[in-house]
There are 2 protein chains.
Amino acid sequence: MPKIVDHNIRKRQIAEASWRVILEQGMEGATVRNIAKEAGLSLGALRHYFSTQDALLEFAMNLVIERVTERITKIALKELPPKEKVLQILLEIVPTDAEKMAEMEVWFSFVSYARHKKDSFDAQHDGIYTGIRKLMYYLDEEKLLRKNLTIELEIERLYSLVDGTAMHALLDPNRIEKKQIHALFVYHLQSICIEDF
Amino acid sequence: MPKIVDHNIRKRQIAEASWRVILEQGMEGATVRNIAKEAGLSLGALRHYFSTQDALLEFAMNLVIERVTERITKIALKELPPKEKVLQILLEIVPTDAEKMAEMEVWFSFVSYARHKKDSFDAQHDGIYTGIRKLMYYLDEEKLLRKNLTIELEIERLYSLVDGTAMHALLDPNRIEKKQIHALFVYHLQSICIEDF
DNA sequence: CATTTTATAATACAATTGTATTATAAAAAA
DNA sequence: TTTTTTATAATACAATTGTATTATAAAATG
């Protein structure tokens, strides 16, 4: 039954199928055939929505970023005490459940894959740096930061802390628990914010 | 002229050739043929030293870790003021020149590749966590740490800071300069150590 | 010197890859 | 209803893959 297919929806379904494949088999397993099979489609059908493999991968990668951005934005719009809001956003970046770990795993794969594609798509700009920067200025405007801080260095420090923790949570999930990550972020925020938390 | 070949040396040469290939083309380009060509050998010759591709990749990855560990150990054995020594070691982990960037790039590629090889080799344990832990205890024993610190959290924080910075230095080298990284680490060490630096 | 081992090369092979082509049928459009 | 478009499938194809086989010559060994 053709023509009743919404291309955008179908493309998302295919992208999600490719995530599942990458999650299980890594980038080496992300072949058009494996993805088509996972999506329950034939090669020809898949090709009808993505004329090339890179087009598919690019779409799938952008969808990851889109998803994460959406979730973070949702928190950012919440009515919360500033420090609590910042904490929640930071924790949202770190993969502590299966879904987030999958997303980061996929993003991780994409980045190391895309780095060596001359033309093609651009990973690295996941927008996290910009987000962290805004968070720090937000804390500053709310007069929550301690004196004596060098704000540019604090931005860099928080950015590294979050991405480093995210990386560790992904690569060695058994070493570090969700509770510890929470404690770590609270600890760090306390060290740069006034008052107790 | 056969038989005058030192297998260990040759294997290292091949491993280094594979690094160069991975550096330029990523893991997708790390085919036996590309590596053989880069090493100036035939397929048969390469196969004489590594009977399988995974054996070669595992060797090449371990060599990266070996190299980095060696360089860090060299610093650790130096006669230096404690805080200066810690700083130098931390900076050694972050890739700020071409050679270190290459090593981390290769390590990065290996990790995301090896994660999905069921049997096969084990990446992730690069020994950095253990090293950071030792550094923190070293600072503690030297009575250089401030009071009120939670040492376990400080270990985790420094570990994330260093790996996060390393990741950023690799993925977006134009955004952050060597000087900034130096300043960041000094800044962080100051925040956890007594006295000025 | 004769023989065996070692290093290298050339070639082969089956499997897998991305992409292209062709075919079919279902729905939409006329 | 007839025609066209769309979705899917099946198959084809050249290129590339890891690995295996065979061949050759240089050194080591006896």
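Letters A, B, ... are given to chains in the order of the sequence lines, protein chains preceding strands, and every chain is numbered from 1.
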Paired with C/dA12: which nucleotide, if any, by Watson-Crick or G-U wobble criteria at under 3.5 Å for both distances? D/dT19
B/Ile93 side, atom CD1; B/Glu103 side, atom CD - distance, nearest 0.5 Å: 12.0 Å
Do the ring centers of B/Phe108 and A/Phe108 come within less than 6.0 Å of each other? yes
What nucleic acid atoms does A/Tyr49 come within less than 4.0 Å of, heavy atoms only: base, sugar-phosphate, or nothing? sugar-phosphate
Give the rounded distance in Å between these two atoms: CD of A/Gln13 and P of D/dA7. 13 Å
Among B/Tyr49, B/Phe110, B/Phe50, which residue satisfies the ring pair (Phe, Tyr, Trp, His ring centres under 6.0 Å) criterion with B/Phe59? B/Phe50
Please list, for nucleotides 17-19 of chain D, all pairs of protein and nucleotide N/O atoms separated by less than 3.5 Å.
from, atom 1, to, atom 2, distance (Å)
D/dG18, OP1, B/Gln53, OE1, 3.4
D/dG18, OP1, B/Gln53, NE2, 2.5
D/dG18, OP2, B/Val32, N, 3.1
D/dG18, N7, B/Arg33, NH1, 2.8
D/dG18, O6, B/Arg33, NH2, 2.8
D/dT19, OP1, B/Thr52, OG1, 2.9
D/dT19, OP2, B/Gln53, N, 2.9
D/dT19, O4, B/Arg33, NH2, 3.4

Tell me the interatomic distance from A/Phe50, atom CZ, to D/dT8, atom C1', rounded to whole angstroms. 16 Å
Are A/Glu156 and B/Tyr187 close enough that a side-chain donor and a side-chain acceptor fall under 3.5 Å? no
Do we see a donor-acceptor contact under 3.5 Å between the side chains of B/Thr165 and A/Arg157? no
Check the pair B/Tyr113, A/Tyr113 against ring pair (Phe, Tyr, Trp, His ring centres under 6.0 Å), reporting the backbone distance first and the verdict last. CA-CA 10 Å; B/Tyr113 173 76; A/Tyr113 173 79; over 10 Å; no
Whole-Å distance separating the NZ atom of A/Lys37 from the C1' atom of D/dA9: 17 Å
Find which nucleotide of DNA chain D each of A/Gly40 and B/Gly44 is nearest to by heavy atoms, and output the residue with the more 5' nucleotide. A/Gly40
Respond yes when some side-chain nitrogen or oxygen of A/His7 is under 4.0 Å from OP1 or OP2 of D/dA7, and no when none is. yes
Check whether any side-chain N or O of B/His48 sits under 4.0 Å from OP1 or OP2 of C/dT8, and answer yes or no. no
